Protein chains: 2
Amino acid sequence: MKTQKIPEATIVRLSMYSRFLNNLANNGVTIVSSEEIAKGLNGSPAQVRKDLAYFGEFGTRGVGYNVRDLNEQIKKILGLTHKWKAILVGAGHLGTALINHKAFKTRGFEIQAVFDNAPQKIGQTIGGVPVYDVAELVDYVKREKAQIGIIAIPPAHAQEAADLLVQGEIKAILNFAPCVITVPPQVEMRSVDFTVYLEVLTYNVETNRK
Amino acid sequence: MKTQKIPEATIVRLSMYSRFLNNLANNGVTIVSSEEIAKGLNGSPAQVRKDLAYFGEFGTRGVGYNVRDLNEQIKKILGLTHKWKAILVGAGHLGTALINHKAFKTRGFEIQAVFDNAPQKIGQTIGGVPVYDVAELVDYVKREKAQIGIIAIPPAHAQEAADLLVQGEIKAILNFAPCVITVPPQVEMRSVDFTVYLEVLTYNVETNRK
DNA sequence: GACTGTGAAGCCATTCACAGCT
DNA sequence: AGCTGTGAATGGCTTCACAGTC
């Protein structure tokens, strides 16, 4: 193992490997081969081995990988051995869906607060999470040292929300608004933009019926 | 322009260019350069030109691109000159968020029906869209010739939902469940998996504070 | 002079094929 | 014998740099 640039696609796959290993462990499987992991992910065995080899030697030649150990290693790599404090911007339908989504809790993410600018929403709770005025966002993030900000509002105000999060010294932003957002380099940012995938689908459907 | 393999990343960017061009047009801009498009997308001018050049010569040397014309061309490439019939599987929070999402209507996608297995939801409407029993899904998709199926249910049953959509001869599937789904090659499928991006963020936050 | 279109070069990720362990 | 770990080869996307056009 040496220091080298690791493809983002590798990190994405690590996250999926971990999920797959969880399932295996729940089914009582203790040993797994790169071949089997690959099958579970529609990937290739060489890819699996290469991805893991960036970070160490986790397997046993002639045998395979210990499911539980490998999962622990991957979680450590991804930074999932401790909890993460998240806050949500947007108390609309999407925000509500995210608060109620199982995936956050099961992976150690805790949405601590929601921020919105609609007076009738402020003071309420959604799925047990309090809704605050967006005017309090910067202070809250600073005070609570929230690390992850999730943007779930329409594109028109998404950049403003990002700016507030940055002002609060957030570490990372997950943006669900279908638009481009700019943040300073020290802030990690990824967009989940389903609209572009929808159009990738239509492109492929149109193109393949030649 | 010749027939060659076009990177998926190019299609993703085309979708974003189109959105950007919509904004420009709404602001009364008529001509745009690759440089300006690049700035709007945090990309490079060469990339913009290369992406567009896969499909034709849409610009004028020394001048730039006509905003409206280029947008029309891109929409044609993406198959957005006609409407798309979509159906949704899952009448939960996420499904509700998707039905109410502006992005579908503005890009020509119409969610015609929602399918769920909860008896108390069947017969209701959500955002004006009727909720049907999932038992009727296959027939409905065949009869209405729905082209796009959207999966918005927990991972445990996502593959079953995909199988039903495939049985109904759907053309494309957009999967929001955080799991791997397998479909036959003639069906286009993409997953919108925000959980992996969340973990890409944590990986980067952990790694960059060395 | 300005900006597009494009072959070539450079770079990065994936696949291959086999050496290395158990 | 079986499966991992890995340098080398391949393939593909992006960047470069300039020719082409207005």
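Keep in mind that what you see is a predicted model, and the values were worked out from it rather than measured. In what follows, chains carry the letters A, B, and so on, assigned in the order in which the sequence lines appear, proteins first and then strands, with residues in each chain numbered from 1.
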Q) So, is B:Thr60 close to the D:dC22 phosphate, meaning a side-chain N or O under 4.0 Å from OP1 or OP2? A)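 No, no such contact exists.
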
Q) Is the phosphate of C:dG5, meaning OP1 or OP2, less than 4.0 Å from a side-chain N or O of B:Tyr65? A)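 It does, given that an N or O in the side chain of B:Tyr65 lies less than 4.0 Å from OP1 or OP2 of C:dG5.
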
Just how far, in rounded Å, is [atom2] of [N] from [atom1] of [X]?
| X | N | atom1 | atom2 | answer |
| --- | --- | --- | --- | --- |
| B:Ile31 | C:dA2 | CD1 | C1' | 13 Å |
| B:Leu70 | C:dC3 | CG | P | 16 Å |
| A:Glu57 | C:dG20 | CD | P | 13 Å |
| B:Phe58 | C:dC3 | CZ | C1' | 17 Å |
| B:Ile37 | C:dC3 | CD1 | P | 13 Å |
| B:Ile11 | D:dG12 | CD1 | P | 16 Å |
| B:Asn42 | D:dT15 | CG | P | 13 Å |
| B:Lys39 | C:dC3 | NZ | C1' | 14 Å |

Q) Could a donor-acceptor pair under 3.5 angstrom be found where the side chain of B:Arg61 meets the base of C:dG5? A)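 Answer no: no donor N or O sits under 3.5 Å from an acceptor.
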
Counting distance only, does the side-chain N/O of [X] pair as donor-acceptor with the main-chain N or O of [Y] below 3.5 Å?
| X | Y | answer |
| --- | --- | --- |
| B:Glu206 | A:Leu78 | no |
| A:Arg107 | B:Glu199 | no |
| A:Asn204 | A:Val200 | yes |

(Q) From C-beta outward on B:Ser33, which listed nucleotide comes closest to its side chain: D:dT4, D:dC22, C:dC3? (A)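 The answer is C:dC3, which lies nearest to the side chain.
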
Q: Indicate whether the side chain of B:Gln159 and that of B:Asp163 have a donor and an acceptor atom separated by less than 3.5 Å.
A: yes

Q: Provide the closest heavy-atom pair for A:Ala91 versus A:Asp116 in the form atom of the first, atom of the second, distance.
A: N-OD2, 2.7 Å

Q.
Between B:Phe194 and A:Phe194 (judged by ring centroids, cut-off 6.0 Å), do the two rings come close enough to count as a pair?
A. no

Q | Protein-to-nucleotide contact annotation, 5' to 3' order, nucleotides 9-18 of chain C [B base; S sugar-phosphate only; - none; under 4.0 Å, heavy atom] | A | ----SBBBB-

**Q.** Mutual orientation of the aromatic rings belonging to A:Tyr132 and A:Phe115 [parallel < 30°, tilted 30-60°, perpendicular > 60°]
**A.**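 If you compare the ring of A:Tyr132 with that of A:Phe115, the planes turn out tilted.
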
